[in-house]
Structure formats: C-alpha cells, structure tokens
Amino acid sequence: MRILIAEDDQLLADGLLRSLRSTGYAVDQVRTGTEADAAMAAHEFDLLILDLGLPKMHGFDVLRRLRARGSAVPVLILTAADSVEQRVKGLDLGADDYMAKPFALQELEARVRALTRRGLGTASNIIKHGPLSFDATGRVAYINDQMIELSARELSLLEVLLQRTGRLVSKDQLVERLCEWGEEVSNNAIEVYIHRLRKKIEQGPVRIATVRGLGYCLEKIAA
Ligand code: CA
C-alpha cells in the first residue's frame, strides 16, 4: 500500500510518516500543491492525504485536477479550518473523508484503513485465499490459522498479490507499490522477496506463479 501525504507542516507530516510507516505502508511526502498534482499524475498511489492550505496550489485545485483526470484514488482531506462550507466543498469535489486538525493519530489510522479498504472494494480488513488469510489491520498473515513469520516487506508483497489474485503483477508494479521515492529496490531484490515469500506460504493449494519475463500471479484457488 502506497500513500502520498501532501502537507507543508513538517511537524505534522513527520508524525504521520512515522505512524503510517510503522503500520507497514510505503509513504511519500510532498510539501506543495503543484508537487502533489505532479506526483498523483505520475505515480500510482492507494491513498492521498491532502492538506487544503498548501503553497503554490490549493488542496481543492489538486483534488479537482485529480478527479478531472478520472482518478478514483481515495482522498482524505486535512484542514485547520473545520468549517461546514469547506467540508461540503471538499466532499463535492470528490474527497472521500475529512479530518479537522488537530486530530488523534489513532483516528486517522482507522480512517486510512477504511479508505484503502474501500479503494479495493472490500468491506473487511481480512483478505482470504484458500487456507491463507491476511489481516490488514494487525499486519499478520495466517495459514490454517497458524501465524506465518513474515518481514514487513514480505507482508506488503503478499498484500499486493492478494489484492490482485489471478491477475499478473509485473515486477515494476511491485516496485512501484512497495517502495518509497529514493529507495533503491531492483527487480532482482523483488525476485529474492518472492523466493522467501514462496517458501513461507506455498502450502496446499497456494501458489505464486512466475510469468516469465513479465511478473508474478497469485493463482486462483478453485472453490
Ligand atoms: Ca498547510
């Protein structure tokens, strides 16, 4: 799961970065509206956390341009001014949720979970796949109700594959979904993570297929 934070208050942004990263999200930050606009146009994110009072371009304009490009990515607006008009305007422009500063990090985390879940079209925080289940809230995976020991990166990899069961996921897509800007993760490193993940989860019918030269696919399990 990849999140972009558009926030120019560095103290607040640092708190958000710390909290969301410790939960296992890959999080990037921009400090101006124009940067947020460019980043959302160029990269795939699972959620945008958008401050309204941004330098260079107002958050409302970032949101308007995002929706005009046809993007359905969930957007959580942050604002100091909790006026009803602003709230209504944000929602009318296509925001999914709204938080007024100051807020409790715990509440923000819960809303982030709900929004990323909604983005995937699932109502539950638990993704099931045969004997395998993944709990996105607790960041744990189980096989036949036995917890599997997975690193943070292996968990994120598994999450991406589970969200696209039966579909091809390219190595580039995996790098894009798992890595923050400035992080050097090669396609070879992805192969290593896949190898480790396979050793831990490939039991019974669970299989990650390699599609030569293209990527990977978590194979569907016949019901
Ligand atoms: Ca601001």
Side-chain angles (χ1 to χ4, degrees), residues 1-121 125 136-137 139 152 156 159-160 175-185:
M1 280 283 177
R2 235 184 124 179
I3 298 178
L4 182 69
I5 298 176
E7 173 59 77
D8 59 326
D9 176 343
Q10 201 50 47
L11 203 62
L12 176 63
D14 283 343
L16 290 176
L17 284 163
R18 233 186 345 264
S19 138
L20 293 170
R21 279 181 180 148
S22 73
T23 316
Y25 295 106
V27 196
D28 294 299
Q29 185 207 350
V30 289
R31 293 175 184 82
T32 69
T34 44
E35 284 171 343
D37 183 53
M40 293 307 289
H43 301 277
E44 262 192 65
F45 287 94
D46 299 291
L47 174 69
L48 169 64
I49 298 179
L50 179 65
D51 176 36
L52 287 183
L54 287 172
K56 295 191 181 164
M57 188 190 288
H58 193 272
F60 281 152
D61 294 316
V62 176
L63 179 59
R64 191 179 290 118
R65 290 171 56 88
L66 177 74
R67 295 302 184 224
R69 284 192 297 270
S71 169
V73 64
V75 175
L76 171 61
I77 282 183
L78 300 180
T79 183
D82 182 29
S83 76
V84 174
E85 293 81 45
Q86 289 235 307
R87 206 182 284 219
V88 169
K89 183 168 181 196
L91 295 172
D92 278 348
L93 282 174
D96 298 271
D97 205 352
Y98 212 102
M99 285 197 79
K101 300 171 190 176
F103 49 80
L105 271 179
Q106 267 181 315
E107 186 183 354
L108 179 113
E109 286 173 11
R111 289 181 188 227
V112 165
R113 281 198 296 275
L115 286 172
T116 50
R117 204 165 61 205
R118 206 183 299 164
L120 296 169
N125 272 331
T137 308
R139 309 294 301 169
S156 300
E159 186 177 27
V160 173
V175 170
E176 172 94 344
R177 285 287 164 178
L178 299 186
C179 305
E180 299 170 3
W181 296 330
E183 242 186 313
E184 292 286 331
V185 175

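Nothing fancy with the numbering, it's 1 onward along the sequence. Counting starts at 1 for both ligands and their atoms, in listed order.
Relative ring orientation between F60 and H58 is described as tilted, the plane-to-plane angle lying within the 30° to 60° band.
Between D28 and F45, the closest side-chain pair of non-hydrogen atoms falls below 4.5 Å.
Partner S19 forms a side chain to side chain contact (heavy atoms under 4.5 Å, CB included) with one of L105, V27, V112, D14 and no other, that one being L105.
The number of heavy atoms from other shown groups lying within 6.0 Å of CZ (R21) is above 12.
Near the Ca ion (ligand 1), less than 3.0 Å away, sit the protein N, O or S atoms D8 OD1, D51 OD2, G53 O.
Of the possible donor and acceptor atoms, none in the side chain of R111 sits under 3.5 Å from a partner among the backbone N and O of D97.
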For this session: Check the pair I77, L63 against side chain to side chain contact (heavy atoms under 4.5 Å, CB included), reporting the backbone distance first and the verdict last.
Result: CA-CA 9 Å; I77 282 183; L63 179 59; 4.0 Å; yes
